[in-house]
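First listed ligand is number 1; within each ligand, the first listed atom is number 1. None of these values were measured; they are calculated from a predicted model.
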Amino acid sequence: MRDPVKDLRPWRDAEKSLREITREYPSFPKLIALKIDAQRRGVVYTPKALAAVDPTVHMTTVRSDYYDKEDLSPVSLILDDGTTVFTEGVLADIGLEPYVVDHDGRNAYLLDNDAPLARVSYWEKPAYYAKTTAKGRPMWQVVSARPQRLTIHPHQYCDFWKKPGQGCRFCVMATNYKAYGKEARLLVEDIIETVGEAVKEPGGYQSVFLTGGTILSGATPLDDELELYLAILKGIGPLFGGQKFPSQLISTAFSLPQLARLKAETGLTSYTADLEVLDAELFKWICPGKSRLIGYEGWKDRLAAAVGLFGRGRVNTGIVAGVELAKPKGFKSEEEALNATLKEARSLAERGVFVVSCVWRVMTGSVFARQRPPSLEYYVRLALGLDAIRREYGFLADMDNYRRCGNHADTDLARI
Ligand code: SF4
């Protein structure tokens with residue numbers, strides 16, 4: 001059988017290097033380009049870099065919907081300008097050499113081809129990570145912390161995976177769930193108790209983010225997913241004080257009555273439902289479960305309805321940038337993919353919805369595990385394009401920027 005990875009030309013010859021990109025796009029911050037490339041290619045640690053990890057200080061454990069680990073490597077990295085580099089998950093071996101993290105006894109550095117490119121730090125863990133809930137659950141398993149915010153994954157399985165062929169092709173939630181044999185749902189009491197501990201910490205966490213796998217059940221589809229988020233948001237809201245609190249939910253796209261309850265019964269400030277890819281035909285191929293349940297146009301209509309409730313700049317949709325080039329059904333060239341994606345992002349902006357992109361980190365255990373993400377240049381151009389659309393339409397994206405999220409290169413550009 002043809003091996004699509006081995007058939008590719010050596011990747012360094014086939015695309016522009018980080019140095020060439022930073023020369024060609026001088027307005028694009030070098031550290032954000034480095035973040036993109038490190039997320040795309042992955043990182044490995046030298047023995048010296050691992051020896052510098054202090055598990056009493058650094059974050060080494062994570063339990064989330066996509067990734068669980070308890071070894072002694074850092075969960076993720078942060079660059080000197082505050083740019084966060086997410087390195088969570090097990091990247092598939094797709095032939096792109098990873099960056100190397102090394103340590104000289106004083107500092108850690110990101111290296112490529114043996115050349116140090118930037119100093120990095122390991123994420124530090126908050127004090128609540130050492131505590132347990134009244135029910136005996138370690139708090140680090142309940143709520144994870146980024147430098148910017150608290151993250152809650154209350155449902156760590158996705159009902160789309162219960163029917164063969166319905167899960168999204170880039171997704172590893174079901175693989176991860178099965179590998180770790182964990183319970184699918186967290187207890188709401190554990191979540192409220194853990195957030196209560198986290199917000200007590202000095203300089204504390206001031207915003208919270210919830211997401212998890214789809215729950216299809218309920219009197220109408222997704223009602224049980226809605227009830228879970230309602231219970232959590234109602235429970236943690238008072239811990240932040242005030243009627244509304246800086247919070248973001250990424251759920252399956254709720255119907256208008258479901259969205260109306262979310263708005264009326266909680267202090268949620270930002271709503272997201274991820275389209276993953278901005279093309280109707282590719283959505284059908286890549287996200288078959290979402291497509292059958294709601295459909296591409298139906299998903300967009302629900303996002304637009306959310307704008308009517310939460311307001312402009314408070315509703316967005318996430319894309320796994322690069323899957324639009326997956327073979328064999330994706331766009332045939334980066335130019336075509338870029339034009340189509342930005343055109344669709346603009347049409348969503350017309351309806352009050354902005355788009356944020358994540359780098360497609362090709363994961364072991366996903367249907368797409370033998371694909372390869374597009375070039376660094378593609379991601380740089382996409383980030384510039386999405387940032388330009390947001391500025392043109394006046395979206396602040398304040399729950400998704402480098403201060404409160406840190407996951408998206410395009411919203412990292414908001415600092416400029
Ligand atoms: S909706 Fe798609 S991306 Fe989200 S958890 Fe389910 S399968 Fe994964």
Exercise. Quick check: does Cys168 have an N/O/S atom under 2.8 Å of atom 8 (Fe) of ligand 1?
Worked result: no
For this session: State the atoms of ligand 1, each with its element, that fall below the 4.0 Å cut-off from a heavy-atom position in Lys290.
Result: 1 (S)
Exercise. Salt bridge or not for Glu88 and Lys69, using N-O below 4.0 Å?
Worked result: no
For this session: Check whether any N, O or S atom of Cys158 sits under 2.8 Å from atom 6 (Fe) of ligand 1.
Result: yes
Seminar exercise, completed: Counting from 1 in the order shown, the ligand 1 atoms closer than 4.0 Å to a non-hydrogen atom of Met173 are 5 (S)
Problem set entry | Expected output: side-chain Gln258 to main-chain Ser255 donor-acceptor under 3.5 Å | yes
For this session: Specify the closest pair of heavy atoms between Pro374 and Leu325, including all atoms of both residues, with the distance to one decimal.
Result: CB-CD1, 3.7 Å
Exercise. Does a side-chain N-to-carboxylate-O contact under 4.0 Å join Glu227 and Arg261?
Worked result: yes
Exercise. Does a salt bridge link Glu24 with Arg381, judged by any charged N lying under 4.0 Å from a carboxylate O?
Worked result: no
For this session: For atom 8 (Fe) of ligand 1, grab the closest protein heavy atom and report residue, atom and distance to one decimal in Å.
Result: Cys171 SG, 2.3 Å
